Amino acid sequence: GAAEVFLRGREAGLAHAYEEWPRWEGQVLRELKRYARAFPIGVPQLALWSGVSLWLEGKEAGAMSVWKDGMTAAQHLSLRRDEAMIAAELRRRRDRT
């Protein structure tokens, strides 16, 4: 949940109000990565939020690639909620390109 707060906040422009925002966001993504290494069910969530981060950095192709990998992982693990969230993000971003 924290990854969503920080990344959606950056997308909404809230990060400019807090000097430490990049550090907080980075820490959240590192913790999510650590979780995904220990528990495969974390891989789709890591892909979702890493993709959003890449997108916000202007790395659209990288984001799409990460999301597609996350979608594959979610499907393989039968994580329908994660699959739906990644699919929604893909649709949302495709509409903006």
Side-chain angles (χ1 to χ4, degrees):
E4 182 173 12
V5 169
F6 283 109
L7 290 159
R8 296 293 184 215
R10 177 165 41 129
E11 190 171 23
L14 299 176
H16 301 297
Y18 300 91
E19 183 178 302
E20 294 187 356
W21 195 283
R23 185 176 63 81
W24 296 333
E25 187 180 304
Q27 183 63 37
V28 166
L29 289 173
R30 282 189 297 279
E31 291 299 324
L32 189 52
K33 186 176 186 177
R34 228 175 93 199
Y35 178 81
R37 273 193 236 125
F39 303 101
I41 62 168
V43 171
Q45 282 289 310
L46 176 61
L48 171 64
W49 300 116
S50 294
V52 171
S53 181
L54 287 168
W55 187 275
L56 295 175
E57 292 166 7
K59 299 173 183 171
E60 290 89 355
M64 289 291 181
S65 177
V66 168
W67 285 326
K68 288 177 184 177
D69 290 346
M71 177 69 78
T72 299
Q75 290 168 340
H76 175 75
L77 295 167
S78 298
L79 298 171
R80 301 298 178 227
R81 182 178 177 274
D82 291 341
E83 186 179 343
M85 289 175 68
I86 294 168
E89 201 64 39
L90 282 164
R91 279 190 308 274
R92 181 173 172 233
R93 302 303 175 165
R94 282 186 190 137
D95 293 344
R96 292 185 182 184
T97 58

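Predicted, not measured: the structure shown is a model, and the values here were computed from it.
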Please assess Leu48 against Asp82 for the test side-chain contact (heavy atoms from CB on, under 4.5 Å), listing each intermediate value before the final yes or no. CA-CA 8 Å; Leu48 171 64; Asp82 291 341; over 6 Å; no

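- Tyr35 OH: more than 12 foreign heavy atoms inside a 6.0 Å radius.
- Side chains of Leu7 and Leu29 form a contact here, defined as non-hydrogen atoms less than 4.5 Å apart.
- Both Leu46 and Leu56 belong to a common hydrophobic cluster when Ile, Leu, Val, Met, Phe, Trp and Tyr are linked at side-chain heavy-atom distances under 4.5 angstrom.
- Note: Met85 CE to Arg92 CZ = 11.0 Å, rounded to the nearest 0.5 Å.
- Considering all non-hydrogen atoms of both residues, Arg23 and Arg30 come closest at O-NH2, 4.2 Å.
- The structure places CG of Leu77 at 11.0 Å from OG1 of Thr72, a figure rounded to the nearest 0.5 Å.
- Nearest approach of Val43 to Ala73, heavy atoms of both residues: CG1-CB, 3.9 Å.
- Closest heavy-atom contact between Arg93 and Val52: NH2-CG1, 4.0 Å.
- Residues Trp49 and Arg8 form a side-chain contact, since some pair of their non-hydrogen atoms from C-beta on lies under 4.5 Å apart.
- We find the CE-CD distance between Met64 and Glu89 to be 9.0 Å, quoted to the nearest 0.5 Å.
- Between Arg10 and Ser53, the shortest heavy-atom contact is NH2-OG, 3.1 Å.
- Of all non-hydrogen atoms in Pro44 and Gly70, the two that sit nearest each other are CB-O, 3.9 Å.
- Counting heavy atoms from C-beta outward, Leu14 and Phe6 have side chains that stay 4.5 Å or more apart.
- Counting heavy atoms from C-beta on, the side chains of Arg81 and Gln45 come closer than 4.5 Å.
- Closest approach of Met71 and Ile86 over heavy atoms only: N-CD1, 3.8 Å.
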